[in-house]
There are 2 protein chains.
Amino acid sequence: MQFGHFDDSRKEYVITTPRTPYPWINYLGNEQFFGLISNTGGGYCFYRDARLRRLTRYRYNNIPLDNGGRYFYIHDGGDFWTPGWMPVKRELDAYECRHGLGYTSITGERNGIRATQLAFVPLGCNAEVYQVKLRNTSNAEKQAKLFSFIEFCLWNAQDDSTNFQRNLSTGEVEIHGSVIYHKTEYRERRDHYAFYSVNAPIDGFDTDRDSFLGMYNGLDHPQTVAAGQSSNSVASGWSPIASHGLNVTLQPGEEKSFVFVLGYIENPEKEKWESPGVINKTRALDLIRQFESDAQVEQALAKLRDYWDGLLSKYAIKSGDDKLDRMVNIWNPYQCMVTFNMSRSASYFESGIGRGMGFRDSNQDLLGFVHQIPERARERIIDIASTQFEDGSAYHQYQPLTKKGNNDVGSGFNDDPLWLILGTSAYIKETGDFGILDEQVPFDSNPDNTATLFEHLNRSFYHVIHNRGPHGLPLIGRADWNDCLNLNCFSKEPGESFQTTENIKGRVAESVFIAGLFVFVGPDFAELCRRRGLTDEAEAAERHVEEMRRITLEHGYDGDWFLRAYDHFGQKVGSKENEEGQIFIEPQGLCVMAAIGVEEGLALRALESTRERLDTKYGIVLQNPPYSKYYLNLGEISSYPPGYKENAGIFCHNNPWVIIAETVIGRGDRAFELYAKIAPAYLEEISEIHRMEPYVYAQMIAGKDAVRHGEAKNSWLTGTAAWNYVAITQAILGIQPAFDGLRIDPCIPAAWDGFRVTRQFRGDTYDIHVSNPTHVSKGVASLTVDGQPVSGNVLPLFGDGLTHRVEATLG
Amino acid sequence: MQFGHFDDSRKEYVITTPRTPYPWINYLGNEQFFGLISNTGGGYCFYRDARLRRLTRYRYNNIPLDNGGRYFYIHDGGDFWTPGWMPVKRELDAYECRHGLGYTSITGERNGIRATQLAFVPLGCNAEVYQVKLRNTSNAEKQAKLFSFIEFCLWNAQDDSTNFQRNLSTGEVEIHGSVIYHKTEYRERRDHYAFYSVNAPIDGFDTDRDSFLGMYNGLDHPQTVAAGQSSNSVASGWSPIASHGLNVTLQPGEEKSFVFVLGYIENPEKEKWESPGVINKTRALDLIRQFESDAQVEQALAKLRDYWDGLLSKYAIKSGDDKLDRMVNIWNPYQCMVTFNMSRSASYFESGIGRGMGFRDSNQDLLGFVHQIPERARERIIDIASTQFEDGSAYHQYQPLTKKGNNDVGSGFNDDPLWLILGTSAYIKETGDFGILDEQVPFDSNPDNTATLFEHLNRSFYHVIHNRGPHGLPLIGRADWNDCLNLNCFSKEPGESFQTTENIKGRVAESVFIAGLFVFVGPDFAELCRRRGLTDEAEAAERHVEEMRRITLEHGYDGDWFLRAYDHFGQKVGSKENEEGQIFIEPQGLCVMAAIGVEEGLALRALESTRERLDTKYGIVLQNPPYSKYYLNLGEISSYPPGYKENAGIFCHNNPWVIIAETVIGRGDRAFELYAKIAPAYLEEISEIHRMEPYVYAQMIAGKDAVRHGEAKNSWLTGTAAWNYVAITQAILGIQPAFDGLRIDPCIPAAWDGFRVTRQFRGDTYDIHVSNPTHVSKGVASLTVDGQPVSGNVLPLFGDGLTHRVEATLG
């Protein structure tokens, strides 16, 4: 069942009912200012850090769900309603929500008034701009009233929702003309305020929530809106809001438009005040002036569209499969931008107060983002590396405002360092910028203790080598990629964090996954050594990689698949010998990606075991059989009910590893089958089961052992986006950035005739046509560029900024 | 304007409209299990710790306010409603809420059905019991349906409201017969579960929130209730709830009754399971069996009433002033019990996740509670003292579940140690139990490092002596009683905690308040030394007290009032020399309570200055003039808008210090005037201004500089309760526990003819009649017990368990 449809020409998803199976959201903003907005207008916005600089309040898991956002109430002769249906929920004569790239437009119509609210964050602005259009579609004059509404958060979202004995006494506002300023705590240590403006004289306002709503009324029934009259309340403590009241007379067919700006301003210490107690508004007024007219708004929106058109033109496919094209050309790269920006901080499942930027997460996120804006990926790599410790270990997270390591979570996730090698080499392959390796980068954010980025990678590499267990496999530490496999934790205390508790000391628990990852990224590290003239180091690295490959086969293979780990007692995890959790997905993916056991046929056997034991119609589950009880020696993974999350859920992040692994052994049909199983555009028709947005990946789909098999959760912020982007664009379609140029090596379903990809790469554009006349899955039989044959499968670099025509024939 | 009235005979406050100016709440439970319940049925419950063991979800500062609780929906032929008005808000034909001592009864009537929901926590039970009665008041048969509703919290209230990427996948329930079991995380480390039962066969149930409500519906419109049919949903993740569906046919005039039990069960590790995955329900069923019949419920309620009657009979007044009598006899001691139980953890302003038991708070709270259940006060004193450090300093808070010091907040509040002396001496004065001083008590919760409680007091006393500044006054540390006067903080970082930041090192900032407190409690410490035969130590202590008295007069008096402090630079705080914050209330109260400057007339002058500069019609503000801007050297106090909280709000906690101070200088009229200004029963008629419950104190009333002067906030959990109880019962009415017996020393308005107090004390009962034939304020001219004259004003101890008649004549 569908609740909307894709509009590929406008790069939009069009939602045709407000009653989606879950709020279907979009993100606004690409730089410093961000907003989340649902298909009914719910959500909130923040400046840089969703916890510390939240502009508007949002209540997660509320009743009703998704109750709170930027609302525009229309009062029309006693009746009142909201164009997004929520929160008033008055039935609409027409409804449509269009989620575009960085903007959302919601249209509702009722009783002869059509209202459209467009929301976006203009490029270069720390503000959300809303354009609200009201059109009289009836035959009679309409004397309507328009009321805006947002509720301010007192900046720190965690404190805002807990510290009422203080916060209910601190709220302060100023009202000047049509602008409402929120200045809580500005009198003390803050140098920032928020404002909400409209480009028209107002007929009233409200800034005190109770006065606007009535104390026992919900957002579905503000007393002022019901009465058609603002109360001109001035907040003093309690809950400051901003609401403009506007009288709007519309002749038949007439349309009027209003522009609202919700902005964030920082003032230098010396320019904080205009006069004692009165904030300096210069910067706010400058910002407001940029959006005084519809023309200015439309220009800014056009600029945003151009921006996205530019980003998306880096890699564009024509395959003949609309679903594939819209994933590759629009929604998957769009989600990659969002995950790059947000890490795991703010979604409708991540409350914005819990998590910083992940060391591991961010390195993976940039795999799917680096081709869009390489300069930002470069900056991110430096930021991440700057939190690394001297011994090569790493803070698991860092805070976006300070960019310092998060002490609450700390270190000890032994896969973390390797992801820095992967992220950096992906950046260099995209850009050819080997110079990044010479950058001086701090350890633990200490500017007095730096080394080259290359040296950071070196420490990463040897952190694994120096931390190995009884079998020579890497020690797992607190956890590896699977944060819930906690082999040194042994927690008996309810609520104790599985991630930060490491109460078992000992160097026994080993991770086969980290071994696979090491063998996967090791050759890139060796190659970087070689290119720096460090031949001995390169060869040493290669010896380590080969040794790890050998050890993995010797101690990390269980007969028909790769083991997952050895626990604190040296017992196997993910083995036939186990009663539950006999086979895990992660090592099957990563080890085969690293080509371990390919020659020996063990890789193929592992992937066949994966198919037999882990595959379902909705994707591959994480392990099987699920844990039916809590295992003290395994940790959080066994804390989930069977079929959910890491306990045998379809954890989408690791599915592309198997997809890529399948391409390593040349099985294009199987690879694409797995791709289509979890790619959201292919799930649109089962939205009533899947429930999440059909345009973005979710972190998890309930596995076969779950009550709600097929139901997704935690949409948007997941490494799934980046890895599936890599899987489809590089592994299946086979357009692969390499150190010396673009490699062409598709692995596709044999039935395909071919496809076309336009790829911008290092300043040139490659117009690539892959044809598959003999219907194979893999193997480039011939390759020409601009009509000239190419030996091997790496395209030459031209550096002329021109478009070059590539013909690749499989066979 | 009133929204209800007192029913003194039933010890209830009767609320006659659900539309109170703020939710007016009550507390259920006295021991381990607690609930908060509002006049519309909102609120939540928890076991011992409101953060870590919360049974039901509650969303603070929600829209609508107070939306969520234990609701009972009545479906009556298509129409549906709730007896407490909220959340359905269907208009009622009749409404009444009776908040009693430990129970609340809400009655609503609509269209011929009268429904009453009674809620209480029976003594000795870890459960809330609800008795719901439905009566057909019409002339026709009613085929109604009753739906219960509660929403489970996943135990840790902080995690429950932030960690959705995990929590929405963990929820688990079992349903057996009429009992719904909530067992989220029981499969792993928890040994506790919750259940919700009803004593009748059910016609349906729901345990999945979305299924019960419909995803976009509020609590005002559950789809199952609207349809009149439970959906029999079984929660698997998302949000587990419990709802019973009951078909109820009522003949005209017929009443039916149902008993619901919402309970908390802990199982020993070995008895967790009945069979694999199925929880052991033995203990739950045992508990349920205790409340199967109305008779059992009524018996339990009667037991609770008896319990409260017993507690309140310890001190009972007949004054002829109903307001005074109900404060002294019912509501003030009731609030003292609640503050003793809750400290500052869970109210409608304290979110239950932020604060542990305060070292300072709890010592003060027991001043108002110790006569009720001295054994619990004794236990609390030991708990508090056990967190003290060896050097006499103290953790500022400790956690109720572990009873260990709270490291997040730490130490450094230099008044803390002195409150332990005050609390302990109040306990000994009440009980005569000097033996408590010999108890071995740990330092920093270390059982291997203990000392006698007396030694703890000794360390407390000398912690002040050893930590003095340039003037010989006590160093303030992070803060003294006024947590917001942060003289060693100098915070420039938004959101940084003023209480835990101590970034200025130096031993300069001094507190005149701590000096006053030292002189106030010092003589008690000296007396305890003397009674242990430590004459030298007693004399040394007295010398320290006298020296501090001298220093306070020399360096702590500013000409017309006591100074507040010296800041980090040695500059005066609370002085004529300051531009703002020239005079503070705290030292005027405490120093005069310690009788500093009484002989010299400086105490009188300080209290006159207090009247002139700080008094308002709603109480005495904290300081004046308010701080109009942020002072880096003063801290949080200057972070509040003028007139609110510590920045010149009427901070009710310190008003009784001035009341007591007035009795020290013999001004009974003034003392009682100040008492009546903030005593809630006297504010009932201005409830529309005051807004908070007219039966309990609030922490703060907005001061004269505030926009909302007279509006209260933070009701219930405040040291105001205990101190006002001390002020009225001991200082004004003058019935004072002393080490050797009850002292009689009233200080009353001269116009009073007298009053009667019944006081149970150390096993005896004193029936005290104070007469005031010559209309003085103070001075006992004659005193007889059982007709025998008494010399001095301390009543003899009889130890015979009998009632003794006391005649005291003022003059």
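Quick caveat, the model's predicted, so the values are computed rather than measured. A note on names: the letters A, B, ... follow the listed sequences, proteins ahead of strands, and every chain is numbered from 1.
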Part of [X] lying under 4.5 Å from any heavy atom of chain B:
{"X": "A:H221", "result": "neither"}
{"X": "A:D210", "result": "side chain"}
{"X": "A:L65", "result": "both"}
{"X": "A:Y186", "result": "neither"}
{"X": "A:S347", "result": "neither"}
{"X": "A:P21", "result": "backbone"}
{"X": "A:K713", "result": "side chain"}
{"X": "A:R166", "result": "both"}
{"X": "A:E151", "result": "side chain"}
{"X": "A:N62", "result": "both"}
{"X": "A:Y644", "result": "side chain"}
{"X": "A:Q699", "result": "side chain"}
{"X": "A:P23", "result": "both"}
{"X": "A:I63", "result": "both"}

Legend entry - Which residues share a side-chain contact (heavy atoms from CB on, under 4.5 Å) with B:D160, sequence neighbours left out: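 Only B:R57, B:C153, B:L154 meet the side-chain contact (heavy atoms from CB on, under 4.5 Å) criterion with B:D160.
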
Part of [X] lying under 4.5 Å from any heavy atom of chain A:
{"X": "B:E350", "value": "side chain"}
{"X": "B:T40", "value": "neither"}
{"X": "B:R187", "value": "both"}
{"X": "B:N61", "value": "both"}
{"X": "B:R51", "value": "neither"}
{"X": "B:D191", "value": "neither"}
{"X": "B:L168", "value": "both"}

Heavy atoms, side chains only, cut-off 4.5 Å: are [X] and [Y] in contact?
{"X": "A:N67", "Y": "A:R59", "answer": "no"}
{"X": "A:S351", "Y": "B:T162", "answer": "yes"}
{"X": "A:K629", "Y": "B:P276", "answer": "no"}
{"X": "A:S491", "Y": "A:F498", "answer": "yes"}
{"X": "B:W155", "Y": "B:H192", "answer": "yes"}
{"X": "A:R19", "Y": "A:T17", "answer": "yes"}
{"X": "A:Y71", "Y": "A:P87", "answer": "yes"}
{"X": "B:W24", "Y": "B:S38", "answer": "no"}

Legend entry - Contact summary for A:A235 and A:T207, nearest pair of heavy atoms: N-OG1, 2.7 Å

Option in [options] with maximal non-hydrogen atom pairs under 4.5 Å from chain A:
{"options": "B:T184, B:L52, B:N217, B:L717", "answer": "B:N217"}
{"options": "B:C484, B:S169, B:G171", "answer": "B:S169"}
{"options": "B:L632, B:T170, B:N156", "answer": "B:T170"}

Between [options], the one whose heavy-atom pairs under 4.5 Å with chain B are most numerous:
{"options": "A:E185, A:E493, A:M700", "answer": "A:E493"}
{"options": "A:Y631, A:W85, A:Y216", "answer": "A:Y216"}
{"options": "A:P18, A:S638, A:P64", "answer": "A:P64"}
{"options": "A:M86, A:E636, A:R209", "answer": "A:R209"}
{"options": "A:S236, A:G643, A:G218", "answer": "A:S236"}

Inset, instruction - Answer yes when A:R190 and A:E269 have at least one side-chain N-carboxylate O distance shorter than 4.0 Å, and no when they do not. - result: no

Inset, instruction - Indicate yes or no for a side-chain donor-acceptor contact from A:N647 to the backbone of A:Y640 under 3.5 Å, with no hydrogens or angles considered. - result: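 Flag set: sc A:N647 to bb A:Y640 pair under 3.5 Å.
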
Inset, instruction - Look only at the side chain of B:N39 and the backbone of B:T20, and say whether a donor-acceptor pair between them is shorter than 3.5 Å. - result: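 Absent.
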
Legend entry - Matching residue for A:Y22 among A:F349, A:Y348, A:F3 - test: ring pair (Phe, Tyr, Trp, His ring centres under 6.0 Å):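 The single option meeting the ring pair (Phe, Tyr, Trp, His ring centres under 6.0 Å) with A:Y22 is A:F349.
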
Inset, instruction - May I ask you to establish whether B:R54 and B:Y47 are in a cation-pi arrangement, using a distance under 6.0 Å from NZ or CZ to the six-membered ring centre and at most 45° from the ring axis? - result: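 No.
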
Inset, instruction - May I ask you to check if B:R691 and A:W238 form a cation-pi contact, with NZ or CZ under 6.0 angstrom from the six-membered ring centre and within 45° of the axis? - result: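 Yes, a cation-pi geometry.
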
Inset, instruction - Using the test salt bridge (Lys or Arg N to Asp or Glu O under 4.0 Å), find all partners of A:R708 that sit at least two apart in sequence or belong to another chain. - result: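 Salt bridge (Lys or Arg N to Asp or Glu O under 4.0 Å) check on A:R708 returns A:E711, B:D208.
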
